[in-house]
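Data block below; observations after.
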Amino acid sequence: MNAHTYLVVMAGGIGSRFWPFSRTQHPKQFHDVMGVGRSMLQLTIDRFRGICPVENILVVTNRDYTSLVEQHLPELAPEQILGEPIGRNTAPCIAYASYHIAQRDPDAVIIVTPADHAVFHEDVFQRVIRQAADAAREHDILITLGIQPSRADTGYGYIQFLDDNTSSLGPLKKVKTFTEKPNPELAKMFLDSGDFLWNSGLFVWRAEVIIQAFHQYLSDIAEVFDEGQQLLGTPQEEEFIAQAYTRCRNISIDYGVMEKADNVYVLPADFGWSDLGTWDSLHRMGHHDAQNNVVDGNALLYDTKECVIKTPSERLVVVQGLEGYIVAEYDNVLLICKRTEEQRVKDFVADVKSKKGNGYN
């Protein structure tokens with residue numbers, strides 16, 4: 001364990017594609033999505049144990065969720081939870097955390113992870129993370145982890161790499177292009193080519209290197225945090241951040257930095273990863289019964305197969321005659337939807353908000 005290694009957990013999203021389980025007041029990172037007795041946020045912290053000291057962990061979240069983070073991670077001190085006044089996507093989030101860490105430790109190596117992904121081979125994961133951290137410590141590069149694709153999935157972004165065996169960076173590959181979620185034909189072409197990886201959203205870099213990248217590619221955001229860097233870690237931090245975020249545009253780190261920088265490398269990996277962004281991803285990654293159902297709840301199934309059933313344990317649910325459906329209940333909402341139509345969940349949420357009010361989203 002290196003005392004100069006830091007972990008930044010991005011935990012501010014709502015995860016609306018996982019509705020009704022993931023809600024504005026209680027997003028999916030605070031749920032036990034996998035049915036293992038630990039929330040996604042807790043599982044995220046668990047898999048980094050031994051990578052960095054617990055005092056080097058920062059969780060960036062919406063200010064509305066800071067009390068939830070405290071409940072789920074009582075081992076963190078209050079100053080380790082950075083509250084964002086408004087959502088501004090991943091670039092301002094990462095800038096805030098990076099400047100905060102750099103103010104404390106100029107030699108820091110920072111690992112950035114979402115709070116709501118699943119990893120099934122944690123020993124392999126830890127080995128890959130350590131490898132990336134060692135490379136970031138030695139070289140002025142921005143590293144992202146790329147997942148070996150197992151299918152032509154249209155729900156993930158893709159990273160194309162240059163297969164240069166003469167590189168001095170060993171298994172790290174120079175990134176050629178980033179592509180957002182492709183159509184099915186393009187996804188199949190990516191899979192067949194062999195030089196594309198899924199974009200995991202996991203990053204590793206030195207604090208000074210990412211801050212330099214902000215200066216070069218997102219100078220407007222760098223200017224905001226340069227002005228207030230001395231206030232980070234002081235009683236004036238909250239007031240500064242409230243003002244700073246009003247000056248930051250809504251932009252992702254991928255679009256703002258990674259797609260533009262010329263020192264971006266990807267480390268190919270395969271550690272049983274899913275972003276668990278949709279109900280169908282839970283079906284792929286969950287434990288299947290004999291009829292290929294994934295069930296988390298008190299349920300009896302008859303003539304039912306290829307379904308996801310996630311319901312409260314205190315309610316008995318009886319399902320008969322369904323094939324390829326999502327049956328999900330949380331709080332005051334029950335969703336019954338074809339798995340093949342799950343992309344409409346966001347439309348359902350929008351309709352619910354406009355027609356039924358804010359109590360259901």
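Annotation: side-chain hydrogen bond (donor to acceptor under 3.5 Å, both in side chains) contacts involving residues 67-76, sequence neighbours excluded, comprise Ser39-His72, Arg49-Glu75. Among pairs with a residue in residues 319-361, those fulfilling ring-ring contact (aromatic ring centres under 6.0 Å, His included) read Phe21-Tyr330, His31-Tyr330, at least two apart in sequence or across chains.
No more than 12 heavy atoms of other residues, nucleotides or ligands shown are found within 6.0 angstrom of NZ on Lys305. The number of heavy-atom neighbours closer than 6.0 Å to OH of Tyr245, taken from other residues, nucleotides and ligands shown, is above 12. When the shell of 6.0 Å around CD of Gln343 is examined, it contains more than 12 heavy atoms from other residues, nucleotides or ligands. Heavy-atom neighbours of Glu341 CD from other residues, nucleotides or ligands within 6.0 Å: above the threshold of 12. Around atom CZ of Arg151, more than 12 heavy atoms belonging to other residues, nucleotides or ligands sit under 6.0 Å away. For His287, the NE2 atom counts as loosely surrounded, since its 6.0 Å shell holds 12 or fewer non-hydrogen atoms of other residues, nucleotides or ligands. Other residues, nucleotides and ligands place more than 12 heavy atoms under 6.0 Å from the CD atom of Gln148.
Atoms CD1 and CG, from Ile129 and Leu7 in turn, are 8.5 Å apart once rounded to the nearest 0.5 Å. Rounding to the nearest 0.5 Å places CZ of Phe161 at 9.5 Å from CZ of Phe196. Taking NE2 of His117 as the start and CD of Gln29 as the end, the distance is 10.5 Å to the nearest 0.5 Å. Residue Asn293 holds its CG atom at 8.5 Å from NE2 of His288, rounded to the nearest 0.5 Å. Interatomic distance, Gln216 CD to Asp262 CG, rounded to the nearest 0.5 Å: 6.5 Å. The CD atom of Glu259 sits 9.0 Å away from atom OG1 of Thr177, with the distance rounded to the nearest 0.5 Å.
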Criterion side chain to side chain contact (heavy atoms under 4.5 Å, CB included) on Ile81 and Thr61, from CA distance to verdict: CA-CA 7 Å; Ile81 303 170; Thr61 190; 4.1 Å; yes
Is there a side chain to side chain contact (heavy atoms under 4.5 Å, CB included) between Lys181 and Thr154 once you walk through the steps? CA-CA 5 Å; Lys181 301 168 184 176; Thr154 59; 5.7 Å; no
Go through the steps for Gln230 and Gln236 under the test side chain to side chain contact (heavy atoms under 4.5 Å, CB included), then give the verdict. CA-CA 9 Å; Gln230 299 302 319; Gln236 289 75 46; over 6 Å; no
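Donor-acceptor pairing under 3.5 Å is recorded for the side chains of His215 and Asp226. Remark: the Asp195 side chain and the Ser193 side chain contain an N/O donor-acceptor pair separated by less than 3.5 Å.
The closest donor-acceptor contact from the side chain of Asp32 to the backbone of Val36 lies under 3.5 Å. Side-chain atoms of Ser274 do not come within 3.5 Å of backbone N or O of Ala118 as any donor-acceptor pair. Side-chain N or O atoms of Glu342 include one that pairs as donor or acceptor with a backbone N or O of Asp280 at under 3.5 Å. Using modelled atom types, one side-chain atom of Gln80 and one backbone atom of Ile57 make a donor-acceptor pair closer than 3.5 Å. Side-chain atoms of Ser200 never come within 3.5 Å of backbone atoms of Ile147 as a donor-acceptor pair (strictly under, hydrogens ignored). Between the Ser252 side chain and the Ala91 main chain, no donor and acceptor come within less than 3.5 Å of each other. Put simply, the side chain of Asp296 never gets that close to the backbone of Lys310: no donor and acceptor are under 3.5 Å apart. With hydrogens and angles disregarded, a donor-acceptor distance shorter than 3.5 Å links the side chain of Arg206 to the backbone of Ala136. Side-chain atoms of Gln42 never come within 3.5 Å of backbone atoms of Leu73 as a donor-acceptor pair (strictly under, hydrogens ignored). The backbone N or O of Thr24 lies less than 3.5 Å from no partner atom in the side chain of His26, so there is not a single donor-acceptor pair.
What you find for Asp107 and His4 is that their closest heavy atoms are O-CB, 3.9 Å. The two residues Tyr156 and Pro182 make their nearest non-hydrogen contact at O-CD, 3.4 Å. For the pair Thr304 and Gln291, the tightest heavy-atom approach, listed with the atom from each and the gap, is O-CB, 3.4 Å. For Pro20 against Leu335, the heavy-atom pair with the smallest separation is CD-CB, 3.6 Å. A pairwise comparison of heavy atoms in Pro53 and Ala3 identifies CG-CA, 4.3 Å as the closest pair. When all heavy atoms of Asp116 and Leu276 are compared, the closest pair comes out as O-CB, 3.9 Å.
Both Val9 and Ile51 belong to a common hydrophobic cluster when Ile, Leu, Val, Met, Phe, Trp and Tyr are linked at side-chain heavy-atom distances under 4.5 angstrom. Met40 and Leu282 fall within a single hydrophobic cluster, where Ile, Leu, Val, Met, Phe, Trp and Tyr are joined by side-chain heavy atoms under 4.5 Å apart, directly or via other members. Both Ile221 and Met258 are assigned to one and the same hydrophobic cluster, defined by single-linkage of ILVMFWY side chains at heavy-atom distances under 4.5 Å. By the rule that hydrophobic residues join a cluster once side-chain heavy atoms approach within less than 4.5 Å of another member, Val8 and Leu232 end up as members of one cluster. Hydrophobic clustering (ILVMFWY, side-chain heavy atoms < 4.5 Å, transitive): Leu334 and Val294 are in distinct clusters.
Residues Lys356 and Asn361 fail the side-chain proximity criterion, which asks for heavy atoms closer than 4.5 Å. Taking 4.5 Å as the limit, every side-chain heavy atom of Leu142 sits out of range of all side-chain heavy atoms of Phe203. Under the 4.5 Å side-chain criterion, counting only non-hydrogen atoms from C-beta, Phe178 is not in contact with Tyr158. Taking 4.5 Å as the limit, some side-chain heavy atom of Arg249 sits within range of a side-chain heavy atom of Leu218. A 4.5 Å side-chain heavy-atom check between Glu208 and Pro106 finds every atom pair outside the cut-off. Contact annotation: the side chain of Gln243 never approaches that of Glu227 to less than 4.5 Å [non-hydrogen atoms, C-beta and beyond]. Side-chain contact between Trp19 and Ile14 is absent, with no heavy atoms from C-beta onward closer than 4.5 Å. Contact of the Ile241 side chain with the Arg63 side chain is registered, since non-hydrogen atoms from C-beta on lie closer than 4.5 Å.
Using a 30° and 60° split on the angle between ring planes, Phe225 and Tyr96 fall in the parallel class, below 30°.
Taking Ile, Leu, Val, Met, Phe, Trp and Tyr as members and joining any whose side-chain heavy atoms lie under 4.5 Å apart, directly or through other members, Leu162 forms no hydrophobic cluster with any other residue. Under a 4.5 Å side-chain heavy-atom cut-off, the cluster of Ile, Leu, Val, Met, Phe, Trp and Tyr residues that includes Leu191 has no other member.
Partner Tyr6 forms a side-chain contact (heavy atoms from CB on, under 4.5 Å) with one of Ile111, Val112, Asp105 and no other, that one being Asp105.
Both the sub-6.0 Å distance and the 45° axial angle are not jointly satisfied by Lys260 relative to the ring of Tyr217.
Proximity of the aromatic rings of Phe125 and Phe48 is defined here by a centroid distance below 6.0 angstrom, and this criterion is met.
Applying the side chain to side chain contact (heavy atoms under 4.5 Å, CB included) rule to Asp347 yields the partners Arg344; only residues at least two apart in sequence or on another chain are considered. Evaluation of the salt bridge (Lys or Arg N to Asp or Glu O under 4.0 Å) rule for Asp134 yields Arg137 as partners, not counting sequence neighbours.
Under a 4.0 Å N-O distance rule, the pair Asp123/Arg127 does not qualify as a salt bridge.
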